[in-house]
**Q** 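Below: one structure in structure tokens.
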Amino acid sequence: METSISGLQAKLKKLEKTHICNNYFPTNRGNLLVSGFWLNNFGGRHLSTAEPTHPPPPQAPTSPPPPLSFNPSFVTQVVTLLQTTDTNDWTSNTTLHKLLFLSPQSLSPLSLLRITRGLGSTAKALQFFHYIRTTSPSPPDPLPLSSTFQAIFELASREQPESATKLYELFTSSRDQSIPLSINSATLLIQFFGRAGMVEKSLIVYEELDPDRRNIHKSECPPNERTMDIVLAGLLKRNWSGRRVSEEEIVGLVLKLGEHCVFPNNVWLSQLITRLCRSGKSNKAWEFLHDVRRLGGSVEAASCNALLTGLGREHDYVRMNMLLKEMKEQKIQPDVVTFGILINYLCKLRRVDEALEVFKKMRGNENDEISVEPDVVHYNTLIDGLCKVGRQEEGLGLLEQMKSRHESAPNIVTYNCLIDGFCKAGEIERSHELLDQMYKEGLMPNVITLNTLVDGMCKHGRINSAMDFLNQMRQKGLKTNAITYTVLISAFCNANNIDKAMALFDEMLKTGCSPIAIVYYCLISGLSQAGKVDDASSVASMMKKVGFGLDIVSYNVLISGFCRKNRLEKAYEMLKDLEEAGVKPDSVTYNTLISYFSETGDFRTAHTLMRRMVKDGLVPTVVTYGTLIHAYCLVGNLDEAMKIFTDMSSASRVSPNTVIYNNLIDSLCKNKKVEVALSLMDDMKAKGVKPNTNTYNAMFKGLQEINWLEKALRLMDQMTEQACNPNYITMEVLTDWLSAVNATEKLRNFVQGYEVSTSIA
DNA sequence: CTAGGGTTAG
């Protein structure tokens, strides 16, 4: 067994604290600790049973440290001798006798552990144990014998990994001979029995491990939680014997112990719940927590917090609410973290006002039982929540509150949230002011601050200043990361500067910044949309080479790119690839294909795809219907387009959107069916779908064709009322028409109304 | 992973 020094020291420290009779594998330093422990706890007996032939044991701290208890050459010597001598002759072998019993360090726990292991088989190891017991001139100490048995357990578990019975027999035999169990033996046995489903036997081992058990009345429980701590520590860590015990096995054991009124403390409980949740077993975690409570174990806020976090990650808000209710009913006092989780959960659901309400209430009044002081995390969560719903000014108010109340000082996260809020709102200057404020308060921006600002600047058309800012920050020593590159690459793709995007990608790879999948996704999407679908495809291959998989979004982008280039065979290749990679096509995939086929006039295939879509468990969306309607309009089949339009809202209960109305209105107008188009506008109003500039433009063109001026003027008023801005197309149509009928005054008012509405916006 | 809550990217 390999044990690192630091790990060993940690174990020894624990040993000192827990006062359990164990053998460990002392190093030089560890040995001193063990000796100290030994003297404190068993000193009298140990010293009195010492043979006169032994050199006097260390008596005071000033005496030299005891000899090194583990001597590799000594172990090798003994093992070789044992292996080459017939077992029947061990007793009569004087060399062996001298080596083992006449030197002071020979019977040290570690030596015996190594020697016994060296024998290689359970049978031989047992014979050796018997030999030690019967041949030792003095009654052997229990600790070295514990070590010997530990090695026996190890050998047996390896010889017959399937048979727990053999191991159990060995265990009972050691117990009958009053050999104390070492903690490692106990862990091995508990693990082994737990895995074999013999939880009862694990329990027996556990009870054997408890050194104080004889002094405790049967009715008294729980006996000794510290023992439980050690067992759990052994089980929860990656275990020394190599294999890990599964969470379920541990849960089984803990619950079995629970039936005997032994419970883990809340640190272990929380840790187990966290582990269950992280491995996607929040159901198990839920059951486990409730089982522990049912059995009478104490459940504190921390354990509930762990479960709440896990449930939150799965968006299982129903259970979160249930648990919160249970906490209230069972008078489990929520703590600072519980409130943190609750506030975060409300913020993420965009229920910020409720979150603020909780925040106000958590402080409590004098006569309230619950009173938790808010900390910086609560503030940050709320500020972020406010910013995410566009209430960054209120977020700023909370920042001021933090400063004035001196409860918790703002930190980098506080500022990052606010900077992002103002960036998203397009108020880049305010974000920069916040950055200056940060510096003044002695807070150094980090890479998140940098990325947030760079992204904000890029998204608001300041890509060059973003680059300047980035370089400035780099000079100040700030490191960039893959997200910085993601932000930049997507910005340059959007600005149609693919070369720069590619150059940045190369730079990222060269600087050894470990890329993340999303950088590739950005580039693939940018290249595809720029029509460089072959380049996009090579980036995809590159990505696969470095071990990333394409996701459905990237596949869709590629399929769409190839469809637009009319390269159906490549699109099919992508579909095949997607299937082989085990990625499920989504409605976007189908919509892309349906769009391709319907717009090339192959409505048969388009409808077949729609049926397959449904068979695949997907639901045709508003885009699916819109695509078909658009295509039927293009080929002038207005009847079919209208049929789909009626079907979608009645049969499929998908509400049409503005795009669909616009397509239909435009086609109807072009076919001189202006009345029908107008009735669709009424329909929009009835269904609460807002017309946009394109809707009005289509109508104006149609009305102009039949010269229905009165209606056009009414629509112009309506547009102003709805603060729907005209664009250059609107102006083009109206200017020609209105000036021809001497209604320029009306047009002037209309434009003024537009100016007013933009200045308000 | 360090008991449990907060920030950036298609």
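Proteins come first, then strands; the chains are lettered A, B, ... in the order of their sequence lines, and each starts at number 1.
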**Q** Over how many whole Å does the gap from A/Asp375 atom CG to B/dA3 atom C1' extend?
**A**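 After rounding, the reported distance stands at 15 Å.
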**Q** Return the value, rounded to whole Å, for the distance between atom CG of A/Asn494 and atom C1' of B/dA9.
**A**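 Between C1' of B/dA9 and CG of A/Asn494: 12 Å.
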**Q** Working note: A/Arg313 + A/Thr309, criterion side-chain hydrogen bond (donor to acceptor under 3.5 Å, both in side chains); need CA distance, chi angles, decisive distance, verdict.
**A** CA-CA 6 Å; A/Arg313 219 183 347 246; A/Thr309 308; over 6 Å; no
**Q** Considering only heavy atoms, which members of residues 438-452 of chain A lie under 4.0 Å from some atom of DNA chain B?
**A**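 Only A/Ile448, A/Asn451, A/Thr452 qualify.
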**Q** According to salt bridge (Lys or Arg N to Asp or Glu O under 4.0 Å), who are the partners of A/Arg351, at least two apart in sequence or on a separate chain?
**A**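 If we apply the salt bridge (Lys or Arg N to Asp or Glu O under 4.0 Å) test to A/Arg351, skipping adjacent residues, the hits are A/Glu354.
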**Q** Sticking with atom C1', work out how far B/dG5 lies from B/dA9, rounded to a whole angstrom.
**A**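 Straight-line distance between the two C1' atoms is 23 Å.
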**Q** Could I get the full list of salt bridge (Lys or Arg N to Asp or Glu O under 4.0 Å) partners for A/Arg293, not counting sequence neighbours?
**A**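 Salt bridge (Lys or Arg N to Asp or Glu O under 4.0 Å) list for A/Arg293, sorted by chain: empty.
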**Q** Starting the side chain at C-beta, find the nucleotide from B/dC1, B/dG5, B/dT7 nearest to A/Val413.
**A**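 So the side chain of A/Val413 is nearest to B/dT7.
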**Q** Among B/dA9, B/dA3, B/dG5, which is the nearest nucleotide to the side chain of A/Ala302?
**A**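 Closest nucleotide to the A/Ala302 side chain: B/dA3.
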**Q** Under the salt bridge (Lys or Arg N to Asp or Glu O under 4.0 Å) rule, collect the residues that match up with A/Glu393, sequence neighbours excluded.
**A**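 Here the qualifying residues are A/Arg430.
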**Q** Between A/Lys348 and B/dT7, is there a side-chain N or O to OP1/OP2 distance below 4.0 Å?
**A**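 Result: yes.
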**Q** Take the protein atom CG of A/Leu488 and the nucleotide atom P of B/dA9, then report the distance between them rounded to whole Å.
**A**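 Computing the A/Leu488:CG to B/dA9:P distance gives 13 Å.
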**Q** To the nearest angstrom, how far is A/Leu346 atom CG from B/dG5 atom P?
**A**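 Atom CG in A/Leu346 sits about 16 Å away from atom P in B/dG5.
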**Q** Between A/Phe469 (CZ) and B/dT8 (C1'), how many Å, whole number?
**A**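 So the CZ-C1' distance, A/Phe469 to B/dT8, works out to 13 Å.
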**Q** Looking at B/dG5, B/dG10, B/dT7, which one has an atom nearest to any side-chain atom of A/Val377?
**A**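 Nearest listed nucleotide: B/dG5.
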**Q** In whole angstrom, what separates A/Asn416's CG from B/dT8's P?
**A**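 Computing the A/Asn416:CG to B/dT8:P distance gives 9 Å.
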**Q** Of the nucleotides B/dC1, B/dT8, B/dA3, which has the atom closest to the A/Arg278 side chain?
**A**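 Nearest to the side chain of A/Arg278 among the choices is B/dC1.
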**Q** Could you give the CD1-to-P distance, from A/Ile419 to B/dT7, as a whole number of Å?
**A**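 Going from CD1 in A/Ile419 over to P in B/dT7 covers 15 Å.
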**Q** Return the set of residues passing side-chain contact (heavy atoms from CB on, under 4.5 Å) with A/Val377 (not counting sequence neighbours), or none when no residue passes.
**A**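 Once residues adjacent in sequence are excluded, the partners of A/Val377 under the side-chain contact (heavy atoms from CB on, under 4.5 Å) criterion are A/Asp375, A/Thr381.
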**Q** Evaluate whether atom NZ of A/Lys544 has more than 12 neighbouring non-hydrogen atoms of other residues, nucleotides or ligands under 6.0 angstrom away.
**A**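 Above 12, so yes.
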**Q** In whole angstroms, how far is the C1' atom of B/dG10 from the CG atom of A/Asp551?
**A**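 These atoms are roughly 9 Å apart.
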**Q** Checking only heavy atoms, does the side chain of A/Ser554 share a donor-acceptor pair with the base of B/dG10 at less than 3.5 Å?
**A**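 For A/Ser554, whose side chain was compared with the base of B/dG10, there is a donor-acceptor pair (under 3.5 Å).
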**Q** Between A/Lys424 and B/dT7, is there a contact of a side-chain N or O with OP1 or OP2 at under 4.0 Å?
**A**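 No.
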**Q** If you look only at pairs with a residue in residues 457-505 of chain A, which of them pass as a ring-ring contact (aromatic ring centres under 6.0 Å, His included), with sequence neighbours excluded?
**A**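 Only A/His432-A/Phe469, A/Phe505-A/Tyr520 qualify under ring-ring contact (aromatic ring centres under 6.0 Å, His included).
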